[in-house]
Amino acid sequence: MSKIVISTYVLRVLGTILVLVYFFGGGLLYNLFPALEGFSLNPVFYAGIAFYVVGAAFYYVVNKKEKKMAKREG
């Protein structure tokens, strides 16, 4: 696999992890970073969604390009 495809997977996994932290890891996050105690975790959720969408969009573009090149060759 090319480096850009691997980076799209990394972005999507990072986005998934951030969303899961929002839903299930709030207590853990507040214990690790006590200064966040009074703040909302909404930015973590939105960042996770953004990372996932960017990774999925890059993968779509790269995969479409690779399929087009494979169609020309084969």
Side-chain angles (χ1 to χ4, degrees):
M1 278 199 276
S2 68
K3 290 180 184 179
I4 194 154
V5 172
I6 293 171
S7 66
T8 61
Y9 283 115
V10 169
L11 283 173
R12 291 192 292 177
V13 167
L14 179 64
T16 303
I17 289 172
L18 287 175
V19 169
L20 289 176
V21 163
Y22 173 77
F23 284 119
F24 302 113
L28 175 67
L29 194 64
Y30 288 137
N31 287 337
L32 288 174
F33 302 106
L36 294 177
E37 194 64 43
F39 295 102
S40 172
L41 286 180
N42 285 340
V44 174
F45 178 75
Y46 294 135
I49 296 296
F51 278 123
Y52 190 87
V53 168
V54 167
F58 279 154
Y59 181 77
Y60 175 76
V61 170
V62 169
N63 193 24
K64 189 174 181 181
K65 188 176 182 181
E66 287 180 358
K67 282 186 179 182
K68 186 184 279 188
M69 289 183 70
K71 187 176 179 182
R72 285 184 192 167
E73 292 175 0

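Values in this document were obtained by computation on a predicted structure and should not be read as measured data.
A side chain to side chain donor-acceptor pair (under 3.5 Å) check over residues 44-57, counting only residues at least two apart or in different chains, returns nothing. Every pair tested for side chain to side chain donor-acceptor pair (under 3.5 Å) that includes a residue from residues 65-74 fails, sequence neighbours excluded, so the list is empty. Identified under the side chain to side chain donor-acceptor pair (under 3.5 Å) test for residues 1-10, with sequence neighbours left out: none.
Both F51 and V13 belong to a common hydrophobic cluster when Ile, Leu, Val, Met, Phe, Trp and Tyr are linked at side-chain heavy-atom distances under 4.5 angstrom.
Take Y60 and apply the side-chain contact (heavy atoms from CB on, under 4.5 Å) test, not counting sequence neighbours, and it matches K64. V54 pairs by the side-chain contact (heavy atoms from CB on, under 4.5 Å) definition with L11, F58, not counting sequence neighbours.
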Taking only distance into account, with no hydrogens and no angle test, what donor-acceptor pairs under 3.5 Å do side-chain atoms of residues 15-42 form with protein atoms, sequence neighbours excluded?
from : atom 1 : to  : atom 2 : distance (Å)
T16  : OG1    : R12 : O      : 2.9
Y22  : OH     : N42 : OD1    : 3.2
Y30  : OH     : F39 : O      : 2.8
N31  : ND2    : G27 : O      : 3.3
S40  : OG     : N42 : N      : 3.1
S40  : OG     : N42 : ND2    : 3.3

